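Throughout, protein chains are lettered first and strands after them, A, B, ... in sequence-line order, and every chain is numbered starting at 1. Just the heavy atoms: all of them, side chains too, but no hydrogens, waters or symmetry mates, feed the values below. Remember, it's a predicted structure, so these values are computed and weren't measured experimentally.
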Amino acid sequence: MDLNITDEQKALTEAVSGVLARHGNPASNSGVSAEPAAHDPKVWEALVEVGVPALPWSEEDGGVGAGFAELTVAAAEVGKSRIHLPLAETVVAGAIITRTAPDSLRRELIGALAEGSALPVPALDEPMRAWSPTAPTVRAEGSGESWTLTGTKAPVRFAQDATHVVVSADTGSGTGLFLVTDVQAKGESLTFEGTSATLLADGEQAEQALAEALALGGAVLCGEALGAMEEALGRTTEYLRTRKQFGMPLAAFQALTHRAADMYAELELARSAALFAAMVADDDPVDVDAIARCRSVVDRAGKLVGEEAIQMHGGVGVTAEYAVGHLTARLTQIARTWGTPDDRVGELAAAVGGHESISLLG
Amino acid sequence: MDLNITDEQKALTEAVSGVLARHGNPASNSGVSAEPAAHDPKVWEALVEVGVPALPWSEEDGGVGAGFAELTVAAAEVGKSRIHLPLAETVVAGAIITRTAPDSLRRELIGALAEGSALPVPALDEPMRAWSPTAPTVRAEGSGESWTLTGTKAPVRFAQDATHVVVSADTGSGTGLFLVTDVQAKGESLTFEGTSATLLADGEQAEQALAEALALGGAVLCGEALGAMEEALGRTTEYLRTRKQFGMPLAAFQALTHRAADMYAELELARSAALFAAMVADDDPVDVDAIARCRSVVDRAGKLVGEEAIQMHGGVGVTAEYAVGHLTARLTQIARTWGTPDDRVGELAAAVGGHESISLLG
Amino acid sequence: MQRRLSEEDAAFQQKMRTYFTDEFPAELKEKGTNRNDLDPQDIRRSQATLAEAGLAAPGWPVQWGGQDWTSLQKFIWDSEMRAAGVPPPLPFNTSMVGPVIAAFGSEELKERFLPKTLSCEIWWCQGFSEPDAGSDLASLRTTAVKDGDHYVVNGQKIWTTLAQHADWIFALVRTDPNAEKKQRGISFLLIDMKSEGITVRPIKTLDGDVEVNEVFFEDVRVPADQLVGEENKGWDYAKFLLGNERVGVANVGLVKKTLADVKAHAREVTRGDGTLLDDPQVAARFARLEADLMALELTVIRVSGGSKDGKPDPASSILKLRGSELQQDVLELAIDVAGPMAASWDDSVVPQWAADAVPTYLNFRKATIYGGSSEVQRSIIATGILGLKG
Amino acid sequence: MQRRLSEEDAAFQQKMRTYFTDEFPAELKEKGTNRNDLDPQDIRRSQATLAEAGLAAPGWPVQWGGQDWTSLQKFIWDSEMRAAGVPPPLPFNTSMVGPVIAAFGSEELKERFLPKTLSCEIWWCQGFSEPDAGSDLASLRTTAVKDGDHYVVNGQKIWTTLAQHADWIFALVRTDPNAEKKQRGISFLLIDMKSEGITVRPIKTLDGDVEVNEVFFEDVRVPADQLVGEENKGWDYAKFLLGNERVGVANVGLVKKTLADVKAHAREVTRGDGTLLDDPQVAARFARLEADLMALELTVIRVSGGSKDGKPDPASSILKLRGSELQQDVLELAIDVAGPMAASWDDSVVPQWAADAVPTYLNFRKATIYGGSSEVQRSIIATGILGLKG
């Protein structure tokens with residue numbers, strides 16, 4: 001067990017942060033709202049050039065064959081930058097594909113994802129339905145190679161720019177995972193009306209592939225949240241040092257500095273969790289509960305750090321033209337991606353009777 | 001709706017606090033542990049003389065015919081004093097009796113309770129069983145006027161000095177409430193081995209009587225907790241004003257004073273809840289959920305105020321010879337009397353779908 | 001202590017309920033109570049209607065349109081108004097500048113401003129905060145220099161809510177830069193927003209909306225008879241006002257309505273074979289918030305509230321402190337009820353309430369910042385109530 | 001980064017597990033790890049046994065009985081020791097005074113004290129806090145005045161854990177009352193508890209136990225060669241020591257064992273037709289605490305821990321801060337698992353673990369107070385890491 005960042009990972013960090021700094025045009029710079037942004041193909045292309053989307057996939061499939069440790073440090077830079085990118089989304093879609101698609105399709109899709117010519121994303125959520133990876137209301141009909149889907153998936157992040165969508169649907173005998181290439185999005189909503197689809201997996205295999213893929217996507221989100229928290233805390237401490245009230249810098253007010261210390265403590269625990277999630281993601285099979293535990297730690301830290309960062313900035317914290325609220329917005333969203341914080345605790349609670357205590361070594 | 005204390009209630013407060021000051025000999029004065037103390041007949045007798053145990057019962061039954069508003073302000077003084085008294089316990093037992101016993105028995109028992117010659121307490125808890133007012137493992141056998149009980153109730157607060165015990169038991173067709181007069185306690189444990197008992201109520205009537213009685217006892221506990229919190233906060237602010245560290249009074253440290261402000265805010269919300277619980281207790285039928293809601297507010301305030309009071313006192317806060325930890329001990333216990341804080345939230349959660357929002361006016 | 005309403009109060013409650021439910025114009029209630037969704041003209045109409053019925057500002061002196069009600073009756077008025085979805089009167093008018101003019105203004109000022117303030121013929125905004133005077137309000141630097149029978153105002157205000165719709169602004173200005181204590185050199189001035197030299201710059205917030213603004217003053221000439229009370233006494237009036245404002249900001253009625261709405265949504269969202277409200281963890285959050293809200297509501301009734309003898313009641317600080325936190329907790333629960341839908345802010349993709357969940361949550365992080373931040377409230381409690389002076 | 005143990009580390013883990021499970025005397029493990037339940041002789045025997053096996057103080061220099069292990073191996077050592085229920089070595093000896101003597105003591109002092117400190121032939125206690133020097137430790141007033149080749153010590157220490165069993169005390173004493181900064185006049189002295197003029201007064205805590213004491217010094221003559229390092233440099237050594245202590249106080253192994261025990265009890269307590277562990281709210285509390293504990297454990301491994309170059313690593317403050325809070329959260333959960341049984345402290349009425357629940361919870365409120373309170377830790381983080389100087 002080694003939680004230290006290697007020199008190679010540091011170099012990657014710098015490369016990614018350089019790319020993002022050059023291409024980045026976050027909402028806060030132009031003073032638009034913190035609404036989740038649409039895909040930005042230019043930034044994505046630049047990241048593809050540095051090899052980021054290819055990191056976790058095997059060389060055989062067209063990836064770089066690095067791992068989630070690398071992807072996590074890259075995701076942290078994305079988190080710091082406040083740019084919205086389909087990093088976790090492509091990981092979920094890619095992981096489902098690597099686990100379920102036939103060899104040729106897998107190589108084609110992962111290769112295209114790695115070189116930026118394909119953008120596969122998952123479509124799992126449905127309106128007015130609480131988070132659940134299984135038992136969707138979108139129906140799949142057919143058999144063998146011939147399936148059609150009917151129903152609505154929404155919201156589907158990055159649907160407008162997606163080239164492929166991995167869709168969960170009810171096959172009548174359980175949850176199936178399907179690949180749709182004819183992506184007709186209205187905003188981030190996808191409505192299927194007998195849309196033809198390729199079955200990737202169903203039953204237990206589908207559920208297992210989906211659970212692992214979501215865990216991997218969750219590990220990426222942990223990395224992104226870590227970067228966002230670092231940036232939020234850094235900006236907050238800088239603000240406390242420089243902003244004056246009552247003739248003194250805010251850093252003279254112990255009620256604030258002690259709360260900043262709590263933010264730091266939460267950040268450091270979340271850092272451990274995010275690095276560990278990356279380690280676990282590189283294992284096979286993936287320990288899904290271990291990553292849920294990591295996300296749970298990050299959820300709580302993200303809430304504290306994000307909310308306190310705004311509070312300590314006062315009025316400017318809620319303005320669109322100031323960065324810190326955008327970081328909080330993203331942290332809020334990350335914690336609600338593929339389940340709410342309570343959902344994760346609920347999942348872990350359901351499994352709590354199955355072990356005496358948690359061993360880090362798996 | 002009027003949440004103000006009347007002049008009569010203020011006078012009662014002073015009378016009770018005078019009695020307790022004269023007779024009180026709290027554990028912290030003699031430096032013994034914070035263990036829940038046994039009954040102190042002398043203090044109880046003095047309270048009987050001021051009429052406190054008689055307050056909530058009708059004059060017809062031998063009580064004073066005042067109400068829970070009066071009892072609550074008296075209970076607050078008990079809470080401040082750190083003396084352990086069976087105030088809530090006798091209210092639960094008495095309320096079950098007034099709701100279920102035949103006229104003559106009711107008058108006899110309530111009269112004796114009011115004048116101090118009887119000490120009825122409830123025996124509801126059983127070892128290794130989570131809190132539940134119903135479905136006990138103590139078995140009741142018999143019919144009509146002839147019943148026997150078998151099994152163990154523990155812990156039963158004040159069992160050693162109780163003259164009557166109101167026992168919940170499984171009649172085979174539900175929960176029954178029984179009166180036992182032959183109280184053979186070993187410490188605070190009561191073992192029945194074919195012990196004869198009088199059936200007070202069973203089935204729905206028993207459950208309703210028990211629920212209402214526990215709510216009334218809960219209202220008394222809210223009052224006691226309110227007094228304990230007031231005392232804990234008062235001692236804490238006094239300590240912050242006088243204790244010096246780093247050449248300054250602790251009150252110069254904003255990290256502490258802001259937390260003291262949070263203690264105050266919680267205390268004031270809890271005060272509203274405790275006063276409201278008393279109001280609700282005077283209604284008929286008793287709104288059991290409303291009092292659970294009040295207890296829930298008091299639970300959280302008690303935890304914050306109790307824990308912070310110790311923390312701000314530092315080392316002395318955990319010593320037996322210092323008062324503040326004893327207050328925290330009592331607050332900890334109050335929150336776990338007839339259910340844990342989570343139990344109360346769980347009960348309220350189960351009922352949350354039954355209304356759109358909460359109206360104070362019932 | 002007594003829980004049930006007296007016969008008189010029950011009748012009062014019935015009267016309020018009948019008015020707000022049956023008599024108040026339905027079309028004004030349909031748009032909801034979110035100020036941003038309402039047309040400014042609707043807000044004016046709503047308040048004018050209330051004023052006509054004598055229900056816009058019951059806390060004011062009877063002579064100026066207030067009511068001689070008990071605090072319980074004022075509470076019933078507020079509860080019934082909120083429950084019926086009636087857009088409440090503008091707090092800038094009825095809770096802020098109105099009571100200040102009524103308490104400290106000359107008869108002339110009262111006659112000139114109170115009726116139009118009550119009816120919303122004048123829409124007021126508040127000019128207190130400045131870029132370098134937030135929690136430390138007394139550091140404000142906007143100056144007002146006497147020039148004959150005018151003041152000439154220069155400076156900048158910030159976080160001015162709804163300034164873009166306002167007709168007038170009540171502003172704290174520095175009239176004596178040499179005062180011994182910075183609090184002593186401040187005056188309370190009423191300024192027409194159409195005055196030459198005033199510029200309003202909107203500030204976009206995280207939710208994309210514009211509710212707050214910067215207001216710039218460049219050699220703005222203000223007739224000296226628009227000074228409230230005495231020159232250099234403005235700080236006292238501001239403290240009086242903030243005492244009133246805190247009570248309003250407990251916002252129990254609004255939060256209760258929001259919580260009920262969120263619960264209704266939780267009932268509609270599917271989870272497994274049931275609804276989200278059947279989920280024990282979700283239900284527990286509702287149960288906790290309902291208990292918290294109950295305690296806050298009781299405290300609003302219990303703490304007499306408002307300024308006393310020209311001084312704010314420090315106990316009212318807990319209403320602002322906990323009221324704003326509770327509002328934020330409810331809005332956070334709304335996000336989790338929206339669940340996956342909260343990822344979209346687009347009401348063509350998900351229902352309006354779900355699309356609003358995150359932006360509203362983000363925007364209302366301001367609740368613990370404006371009107372005296374939580375930190376300011378804690379300091380007021382620590383010093384003013386607990387006697388903890390550093 | 002890598003999760004799985006290397007082959008070497010896996011073999012190391014197996015070796016530790018075998019030793020603690022199979023070779024370490026079973027009768028010392030049966031009494032549990034609660035220091036209060038153990039006989040002092042058992043504690044000495046346990047540590048002597050560990051010392052003999054080279055497992056009492058792996059962090060010490062190899063020459064004095066330490067091990068040349070990686071921090072991961074030290075972590076494995078600690079985890080396996082705790083999991084097997086082995087009473088750990090006395091922290092006063094192995095984490096506090098030992099490292100200080102090894103780092104700053106003369107060769108003579110090392111030879112005289114380190115072996116007996118390792119084996120627990122000397123049981124140490126810590127004489128730092130005083131009645132008027134708690135968080136503000138540098139205000140300590142116990143004096144040591146040079147008199148020939150002795151120091152004469154006068155004053156009072158407080159919160160001295162297990163002083164009643166201790167053979168020696170390591171104390172901070174003021175040797176230069178005129179030093180410019182109060183931190184500069186402090187020395188680090190080793191004192192035999194059997195010296196004439198020392199009185200120990202036990203302090204009873206809320207749980208009824210006696211673990212802490214007051215220690216009074218009245219003209220106690222201490223040979224000058226029992227000074228560690230240089231005179232008036234004691235504050236530096238104390239800071240070094242507190243840096244080490246904080247790492248120990250994260251207490252992950254102990255907390256993990258406690259949480260597992262509480263869970264085992266929750267499995268045994270009946271609720272309805274199942275057990276308390278089936279209750280979703282109770283299960284959720286376990287799930288949250290397990291996640292928190294995981295994060296803390298990972299952080300212990302990640303933060304190199306301990307003092308570096310004679311200075312404490314400020315990052316270790318988060319281990320003390322969160323470790324103590326987590327310990328308290330687990331002990332609070334234990335009360336709720338005990339449920340109604342928690343009302344009794346009498347193990348003839350309810351099972352021992354339930355009878356212990358409340359007194360243990362109350363006693364461990366000290367966890368956020370001693371060894372540098374949470375407030376002190378937050379100040380260290382704010383100043384030392386975040387650069388927030390007031």
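Distance check: B:L269 CG to C:L298 CG gives 9.5 Å after rounding to the nearest 0.5 Å. Interatomic distance, C:L321 CG to B:D262 CG, rounded to the nearest 0.5 Å: 6.0 Å. How far CZ of B:F276 is from CD of C:E297: 8.5 Å, rounded to the nearest 0.5 Å. Between B:Y264 atom OH and C:I318 atom CD1 the span is 5.5 Å, to the nearest 0.5 Å.
Chain C forms the most heavy-atom pairs under 4.5 Å with one residue out of B:L256, B:L250, B:V280, B:L240, and that residue is B:V280. Of the residues considered (B:S296, B:S272, B:A261), B:S272 shows the highest number of contacts with chain C, using heavy-atom pairs under 4.5 Å. For the set B:S357, B:A292, B:A270, the count of heavy-atom pairs under 4.5 angstrom toward chain C peaks at B:S357.
Closest approach of B:E356 and C:E290 over heavy atoms only: O-OE2, 4.3 Å. Taking all atoms of both residues into account, the shortest heavy-atom contact from B:A260 to C:L388 is CB-CD1, 3.8 Å. Between C:K263 and B:V352 the shortest heavy-atom distance is NZ-O, 2.7 Å. Closest approach of B:L348 and C:A287 over heavy atoms only: CB-CB, 3.7 Å. Scanning both residues, C:G387 and B:R241, for their nearest heavy atoms gives O-CD, 3.5 Å. For the residue pair C:L277 and B:G353, the shortest heavy atom distance occurs at CD2-CA, 3.8 Å.
Taking the side chain as every heavy atom from C-beta outward, C:I301 and B:L360 approach each other to under 4.5 Å. Using a 4.5 Å cut-off on side-chain heavy atoms (C-beta onward), C:M294 and B:C294 make contact. In this structure, B:E268 and C:R322 have side chains that are not in contact, with every pair of non-hydrogen atoms separated by 4.5 Å or more.
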For this session: Check step by step if side-chain contact (heavy atoms from CB on, under 4.5 Å) holds for B:Q254 and C:E375.
Result: CA-CA 10 Å; B:Q254 198 191 39; C:E375 289 74 18; over 6 Å; no

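The part of B:L233 that comes within reach of chain C is its side chain, from C-beta onward, which places non-hydrogen atoms under 4.5 angstrom from that chain. When heavy atoms are compared at a cutoff of 4.5 Å, C:Q281 does not approach chain B at all. No part of B:E238 comes within reach of chain C, as not one of its non-hydrogen atoms sits under 4.5 angstrom from that chain. For a residue to count as touching a neighbouring chain, one of its non-hydrogen atoms must lie under 4.5 Å from one of that chain's; by this rule C:L259 does not touch chain B. Contact annotation for B:R344: neither backbone nor side-chain heavy atoms come within less than 4.5 Å of a heavy atom of chain C.
C:K256 places a side-chain N or O within 3.5 Å of a backbone atom of B:I358 that can act as its donor or acceptor partner.
Enclosure of atom CG in C:D273 is not indicated, since only 12 or fewer non-hydrogen atoms of other residues, nucleotides or ligands lie within 6.0 angstrom.
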